[in-house]
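What follows is a set of notes on a single structure, which appears directly below.
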Amino acid sequence: MSGRFLIRFYNASARKDYERLDGSQRKLVNIALRKLETRADELGEPLRGPLAGCKKLKWRRDGLRMVFRLGDDGAVEIVEIIAIGRRDKSAVYRRAEQRLSTGE
């Protein structure tokens with residue numbers, strides 16, 4: 001483990017979001033994931049409303065967003081990636097909200 005935070009995907013759908021990214025988008029996300037491993041508590045912008053407790057990272061030029069939240073399992077601090085995708089009419093936020101509300 002290279003940092004103080006363990007990165008994991010919220011569920012299989014969140015992992016599929018990552019796998020669907022093209023090469024250049026995946027490269028940007030990988031850089032962010034490495035930063036989150038060490039500084040997750042300092043990075044991101046807090047979200048409000050139904051996604052309160054979550055944060056977002058955004059790549060404005062690429063229109064890409066990542067929604068994540070911090071937690072711990074008692075021994076390790078965890079960053080859960082909930083959704084990754086284009087901002088396109090807030091679809092990534094709706095997808096994150098749906099995943100958290102249904103648990104899927």
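Screening residues 23-45 for ring-ring contact (aromatic ring centres under 6.0 Å, His included), with sequence neighbours left out, gives no hits.
Contact detail for Val79 and Phe68: the closest heavy-atom pair is CG1-CD1, 3.7 Å. Closest non-hydrogen pair, Ala14 versus Asn11, comes out as N-OD1, 2.9 Å.
Separation of atoms CD1 (Ile82) and OG (Ser13) is listed at 12.5 Å; rounding is to 0.5 Å. Taking CD1 of Ile84 as the start and NZ of Lys16 as the end, the distance is 14.5 Å to the nearest 0.5 Å. Interatomic distance, Lys35 NZ to Ile7 CD1, rounded to the nearest 0.5 Å: 13.0 Å.
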Could you go through residues 48-61 and list every donor-acceptor pair under 3.5 Å that involves a side-chain atom there, pairing it with any protein atom two or more places apart or in another chain?
| from | atom 1 | to | atom 2 | distance (Å) |
| --- | --- | --- | --- | --- |
| Lys55 | NZ | Asp41 | O | 3.1 |
| Lys55 | NZ | Leu43 | O | 3.2 |

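Between Asp17 and Arg20 the shortest side-chain heavy-atom distance falls below 4.5 Å. Contact annotation: the side chain of Met66 approaches that of Leu33 to within less than 4.5 Å [non-hydrogen atoms, C-beta and beyond]. No side-chain heavy atom of Ile81 sits under 4.5 Å from any side-chain heavy atom of Tyr10. In this structure the side chain of Tyr93 reaches within 4.5 angstrom of the side chain of Val67, judged on heavy atoms.
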Dump the intermediate steps for side chain to side chain contact (heavy atoms under 4.5 Å, CB included) on Arg4 and Thr38, then the final yes or no.
CA-CA 5 Å; Arg4 71 178 238 225; Thr38 57; 5.9 Å; no
Go through the steps to decide whether Val29 and Leu64 satisfy the test side chain to side chain contact (heavy atoms under 4.5 Å, CB included), and finish with yes or no.
CA-CA 9 Å; Val29 170; Leu64 192 62; 3.9 Å; yes
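Residues passing the side chain to side chain contact (heavy atoms under 4.5 Å, CB included) test with Asp88 are Arg86, sequence neighbours excluded. Annotation: side-chain hydrogen bond (donor to acceptor under 3.5 Å, both in side chains) contacts of Arg8 (sequence neighbours excluded): Glu80. By the salt bridge (Lys or Arg N to Asp or Glu O under 4.0 Å) test, Arg65 is found to be paired with no residue, residues two or more places apart in sequence or in another chain being considered. When the side chain to side chain contact (heavy atoms under 4.5 Å, CB included) test is applied to Arg26, the partners found at least two apart in sequence or on another chain are Tyr18, Glu19, Leu21, Asn30.
Without hydrogens or angle criteria, Gln25 side chain to Asp22 main chain gives a donor-acceptor distance under 3.5 Å.
The environment of CZ in Arg95 is crowded: more than 12 heavy-atom neighbours from other residues, nucleotides or ligands sit within 6.0 Å.
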